[in-house]
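Numbers here are sequence positions counted from 1. Everything numeric in this text was worked out from a predicted model, so none of it was measured. Just so you know, these numbers use all the heavy atoms, side chains as well, and skip hydrogens, waters and symmetry mates.
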Amino acid sequence: MASAMAVGASVVHDRPWELGSSIATATMAGEAWPYIDTGGKGQVLIMLPGSVGTCEMFYKQIAALGQKLRIVSVSYPALSDPSRLADGLADLMDHLGLPRASILGSSFGGYWAQFFALRHPERLDHLFLGNIFLSPDELFANPLFDPAFIAATSAAALQATWRSRVEQAPDSELKAIQLAMLSGRQSADNLKSRFEGVAAATPCPHLSIPGERITIIDCEDDPIIPARSRQAVRDHYAGAHLQTLNTGGHYPHILNPQAYDAVITGRLLN
């Protein structure tokens with residue numbers, strides 16, 4: 001198990017998201033579940049990235065909060081079925097000796113985190129839903145999310161298409177991270193499975209956990225989740241805590257980490 005100090009020691013200054021030496025892997029039902037465990041002494045927070053990226057996408061939270069909380073950042077396997085992912089995460093928690101945990105999912109990770117809450121509510125302390133959708137229908141206006149395109153495109157070609165799109169963006173920290181992920185840190189098969197999961201997504205049935213144990217995080221400038229989709233999430237979880245950030249785009253854990261971390265600590269440390 002990597003301690004918070006060990007995670008920090010593995011950081012390369014110009015590529016701080018490269019935490020490969022801190023990644024362990026557990027095999028659950030024949031599927032590999034890579035993860036980073038900071039070993040912090042506080043409450044347990046499991047973090048699930050979206051379609052693009054590995055457990056390294058939460059490197060800023062690992063560095064800032066990994067001693068205050070026990071952060072377990074997870075690179076889930078190439079599965080598109082949210083129920084299988086939810087049950088696999090429960091198995092990973094058993095492997096790590098975690099009877100309960102709070103869970104934060106971003107984008108597709110947040111979508112299927114709902115199904116963990118549905119299937120394993122007794123194991124959930126708090127659910128953070130970051131930049132999620134209930135139904136992907138409004139995402140389909142973007143041709144890269146079109147189900148027919150995803151189904152007809154090989155994993156390697158899909159990865160190359162997204163890499164080409166990212167290469168056109170202005171240089172930034174986020175661009176560098178995404179290019180690293182799309183150049184091999186995240187496998188093409190894993191990437192495609194997540195987009196298949198988005199394309200086939202259906203709304204999660206009603207959750208039994210009370211709204212006070214759910215926090216919605218969204219961003220006014222999210223270029224992926226349209227405003228109507230963000231409002232649908234708010235309406236569906238009307239009793240939940242709502243934290244809307246003015247900036248952060250679709251990756252506030254990278255682009256607006258201080259505000260993002262404040263939401264987490266406000267729920268788990270106060």
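At a threshold of 4.5 Å between non-hydrogen side-chain atoms, the residues Val166 and Val52 do not count as touching. Leu118 has its side chain within reach of Pro205: a pair of non-hydrogen atoms, C-beta onward, lies under 4.5 Å apart. For the pair Gln186/Gln159, no side-chain contact is recorded, criterion being any heavy-atom separation below 4.5 Å from C-beta on. The side-chain heavy atoms of Phe58 and Ile71, taken from C-beta on, include no pair separated by under 4.5 Å. Side-chain contact between Trp33 and His95: absent, with no pair of heavy atoms (C-beta onward) separated by less than 4.5 Å. Contact of the Phe149 side chain with the Leu158 side chain is registered, since non-hydrogen atoms from C-beta on lie closer than 4.5 Å. By the 4.5 Å heavy-atom criterion applied to side chains, Phe128 and Leu268 are counted as neighbours. Two residues are said to be in side-chain contact when any heavy atoms from C-beta on lie closer than 4.5 Å; Ile132 and Ile225 fail this criterion.
Taking Phe133 as the reference, Tyr111 meet the ring pair (Phe, Tyr, Trp, His ring centres under 6.0 Å) condition, with sequence neighbours excluded. In this structure His120 satisfies the ring pair (Phe, Tyr, Trp, His ring centres under 6.0 Å) test together with Phe116, sequence neighbours excluded. Evaluation of the side chain to side chain donor-acceptor pair (under 3.5 Å) rule for Ser229 yields Glu138 as partners, not counting sequence neighbours.
Scanning all heavy atoms of the two residues, the minimum distance from Glu220 to Asn246 falls at CB-O, 3.9 Å. Met57 and Ile177 make their closest contact through SD-CG2, 3.6 Å (heavy atoms, listed as atom of the first residue, atom of the second, distance). The heavy-atom pair separating Ile209 from Pro121 by the smallest distance is CG2-CB, 3.9 Å. Nearest heavy-atom pair, Ser172 versus Lys175, reported as atom, atom and distance to 0.1 Å: OG-N, 3.1 Å. Summarising the geometry of Pro49 relative to Cys55, their closest heavy-atom pair is CG-N, 4.4 Å, with the distance given to 0.1 Å. Smallest separation of non-hydrogen atoms from Phe140 and Ala199: CZ-O, 3.6 Å.
Side-chain atoms of Arg70 never come within 3.5 Å of backbone atoms of Asp37 as a donor-acceptor pair (strictly under, hydrogens ignored). Here the side chain of Arg185 pairs no donor or acceptor atom with the backbone of Ala180 at under 3.5 angstrom. For Ser164 (side chain) and Ala160 (main-chain N/O), no donor-acceptor pair under 3.5 Å exists by modelled atom type. Side-chain atoms of Arg100 come within 3.5 Å of backbone atoms of Leu124 as a donor-acceptor pair (strictly under, hydrogens ignored). Of the possible polar contacts, none joining the Ser106 side chain to the Gly109 backbone as a donor-acceptor pair under 3.5 Å is found. Distance alone, capped at 3.5 Å, is enough to place a donor-acceptor pair between the His241 side chain and the Glu212 backbone.
At most 12 heavy atoms of other shown residues, nucleotides or ligands fall within 6.0 angstrom of atom CD in Gln258. Heavy atoms of other residues, nucleotides or ligands lying less than 6.0 angstrom from NZ of Lys192 number more than 12. Under a cut-off of 6.0 angstrom, the local environment of CZ in Arg123 is crowded, with over 12 non-hydrogen atoms contributed by other residues, nucleotides or ligands.
Rounded to the nearest 0.5 Å, atoms CG (Leu69) and CG (Leu45) are 6.0 Å apart. Going from atom SG of Cys219 over to atom CG of Asn256 covers 7.0 Å, rounded to the nearest 0.5 Å. Taking CG from Leu96 and CG from Asp91, the interatomic distance works out to 11.0 Å, rounded to the nearest 0.5 Å. Interatomic distance, CZ of Phe115 versus OG of Ser83, reported as 6.0 Å (0.5 Å rounding). Once rounded to the nearest 0.5 Å, the distance linking CH2 of Trp162 with CG of Leu179 reads 13.0 Å. To the nearest 0.5 angstrom, Met181 atom CE is 3.5 Å from Thr54 atom OG1.
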Step-by-step side-chain hydrogen bond (donor to acceptor under 3.5 Å, both in side chains) determination, Arg228 to Gln231: CA-CA 5 Å; Arg228 287 179 59 186; Gln231 188 60 50; over 6 Å; no
Working for side chain to side chain contact (heavy atoms under 4.5 Å, CB included), residues Gln114 and Leu134: CA-CA 10 Å; Gln114 297 173 97; Leu134 295 178; 3.8 Å; yes
Verdict with supporting geometry, Leu127 and Leu207, side chain to side chain contact (heavy atoms under 4.5 Å, CB included): CA-CA 11 Å; Leu127 178 65; Leu207 301 181; 4.0 Å; yes
Verdict with reasoning, Asn131 to Ser107, per side-chain hydrogen bond (donor to acceptor under 3.5 Å, both in side chains): CA-CA 5 Å; Asn131 301 81; Ser107 192; over 6 Å; no
Residue pair Leu79, Asp81: steps toward the side chain to side chain contact (heavy atoms under 4.5 Å, CB included) verdict: CA-CA 6 Å; Leu79 299 171; Asp81 182 342; 5.6 Å; no
Step-by-step side chain to side chain contact (heavy atoms under 4.5 Å, CB included) determination, Thr244 to Arg234: CA-CA 10 Å; Thr244 296; Arg234 299 168 186 171; 3.5 Å; yes
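A salt bridge does not link Arg267 to Asp125: none of the charged nitrogens lies less than 4.0 Å from a carboxylate oxygen.
A side-chain hydrogen bond (donor to acceptor under 3.5 Å, both in side chains) with His250 holds for exactly one of Asp221, Asp222, Asp218; it is Asp222.
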